[in-house]
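Input: a single structure, listed below in structure tokens.
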Protein chains: 2
Amino acid sequence: MTEPSARPTRAQQRRQSEERILTAARRIFAELGYDRTTIRAVASAAGVDAGLVMHYFGSKDLLFARSTEVPADELPGGTSDEVAEALLRSLGRRLADEPTASLAVLRSTLTNADAADRYRAAGAPQLNQLTEAIPTPDADLRASLLSAIVHGVIAERYLLRLTNLADASPEQIIDLLRPCFQSLATPPPTP
Amino acid sequence: MTEPSARPTRAQQRRQSEERILTAARRIFAELGYDRTTIRAVASAAGVDAGLVMHYFGSKDLLFARSTEVPADELPGGTSDEVAEALLRSLGRRLADEPTASLAVLRSTLTNADAADRYRAAGAPQLNQLTEAIPTPDADLRASLLSAIVHGVIAERYLLRLTNLADASPEQIIDLLRPCFQSLATPPPTP
DNA sequence: GCCGTCGGTCAACGGCCGTAGAATGACCAC
DNA sequence: GTGGTCATTCTACGGCCGTTGACCGACGGC
């Protein structure tokens, strides 16, 4: 009698609603940024009442925090060349999918101080890994520049929508960027 | 008798007030972005009433547009190497001064569609110049990537405030970026 | 010297937003 | 079956914001 799709249990229903709200929130935060996004709009997009969003997530800030939790993209260690290549692949991946979640973070990071803090914290491990793989005294600066390039390309493609960048294929982009990344990741040839 | 600083004429006073408002607006837009900036805050920072801001600029949008008018940084033509070097110098300059105006644009570009349009339009000539100097079929994409890197570095330094990047000297940054820029600006060596 | 012009202020309105809290009604443990 | 739990909604409040229009008072052309 208990058909699998018969009627969801209460817990299931709650999880379902939370998920719908989070999905809607991610989309709208990504489109509009933190400030222009309203709880009412998120609730309406999720087909629920604004009060429910408050009930589940406590506040707009907390909803935003939950919406923009990003599982850090693991970067395997290795030589500087390998890490550069891994970073390129990671960029390629982020250019290939529709980066809704990533966009919400990026867009809001630039207007919301808390978001910036969380983003910095979330990116720190990856940045450290990068730093450790680069065998120069200025490794930390080099790693930061690599990170800046990655973010710059993503921002320019999806936020500014520079047409050349928005239309190019991920492969083309990472191929052009490869020498760039290598020059930053590997020490200058000292003959 | 007409001491130069005796009493400003009416036109002078108006220009002075407009300038104070614009200066305050640029600073606050840069700090807070478009949405979080209120006309009242700008007016208060400029020592005038909010109504006056409306009176002079018509609306918040128009005030923003006037605040973020940026004289395009002229990029001299030349060989791809020369243009790459010129772009590096331009970046160095933007890293050296406190880039209030530039920041207001950048920060707001990422949340305000109109600002993005204007920014794209304002950057187009520079981008074209860059494209024409690069002697490859994919020159436009290369130029866009260069632009993305410039913006990425500025954003990461001033918006995200990645400490490594925020503390580094402009010279150090552009030295590290030089091979990067060259690899994008010049065609791959085809032996 | 008079009066229109104009820089500047003030108070107010309508709207939207985040948030709180009461109300409702279906589910589930006992 | 009964009572409580819980998902969900409804209504409302207080605040801030962009914008308006009336108002004031000093300047400057005539």
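A note on names: the letters A, B, ... follow the listed sequences, proteins ahead of strands, and every chain is numbered from 1.
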**OP:** Go through the structure and list residues passing ring pair (Phe, Tyr, Trp, His ring centres under 6.0 Å) with F57(A), not counting sequence neighbours.
**Re:** none
Original post:
Does dC28(C) have OP1 or OP2 sitting under 4.0 Å from an N or O in the side chain of T9(A)?
Top reply: yes
Original post:
Got a sec, which residues hit side chain to side chain contact (heavy atoms under 4.5 Å, CB included) with Q172(B), two or more places apart in sequence or on another chain?
Top reply: D138(A), L141(A), A168(B), S169(B)
**OP:** Please list, by residue number, the residues of residues 49-62 of chain B whose heavy atoms come closer than 4.0 Å to an atom of DNA chain D; answer none if no residue qualifies.
**Re:** M54(B), S59(B), K60(B)
Subject >> Nearest-angstrom distance from the residue atom CZ of R14(A) to P of dT9(D) >> reply: 13 Å
Original post:
How many Å lie between CZ on F64(A) and P on dT19(C), as a whole number?
Top reply: 14 Å
Original post:
Rounded to whole angstroms, how far apart are CD on Q12(A) and C1' on dC28(C)?
Top reply: 14 Å
Subject >> Spacing of I21(B) atom CD1 relative to dG7(C) atom P, expressed in whole Å >> reply: 11 Å
Original post:
Between dA26(D) atom C1' and R10(B) atom CZ, what is the distance in whole Å?
Top reply: 7 Å
Per-pair distances, 0.1 Å, donor-acceptor, side chain in residues 79-88 of chain A, under 3.5 Å, sequence neighbours excluded:
from   : atom 1 : to      : atom 2 : distance (Å)
T79(A) : OG1    : D81(A)  : N      : 3.4
T79(A) : OG1    : E82(A)  : N      : 3.1
E82(A) : OE1    : T79(A)  : N      : 3.0
E85(A) : OE1    : R178(A) : NE     : 3.2
E85(A) : OE2    : R178(A) : NE     : 3.3
E85(A) : OE2    : R178(A) : NH2    : 2.9

**OP:** Rounded to the nearest angstrom, tell me the gap between atom CZ in R20(A) and atom P in dA7(D).
**Re:** 14 Å
Original post:
What's the closest nucleotide to the I39(B) side chain, out of dG18(D), dG7(C), dA7(D)?
Top reply: dG18(D)
**OP:** Between dA12(D), dC28(C), dT19(D), spot the one nearest the side chain of R40(A), thanks.
**Re:** dA12(D)
Subject >> side chain to side chain contact (heavy atoms under 4.5 Å, CB included) partners for L32(B), two or more places apart >> reply: I28(B), R36(B), T37(B)
**OP:** Specify the separation, in whole Å, of atom CD of Q13(A) and atom C1' of dC27(C).
**Re:** 9 Å
Original post:
How many Å lie between CG on D35(B) and C1' on dC16(C), as a whole number?
Top reply: 14 Å
Original post:
Would you call the rings of F29(B) and F64(B) parallel, tilted or perpendicular, where under 30° means parallel and over 60° means perpendicular?
Top reply: perpendicular
Original post:
E18(A) and side-chain hydrogen bond (donor to acceptor under 3.5 Å, both in side chains): which partner among R14(A), R15(A), R20(A)?
Top reply: R14(A)
**OP:** Could you pull out all residues at least two apart from T38(B) that satisfy side chain to side chain contact (heavy atoms under 4.5 Å, CB included)?
**Re:** R40(B), A41(B)
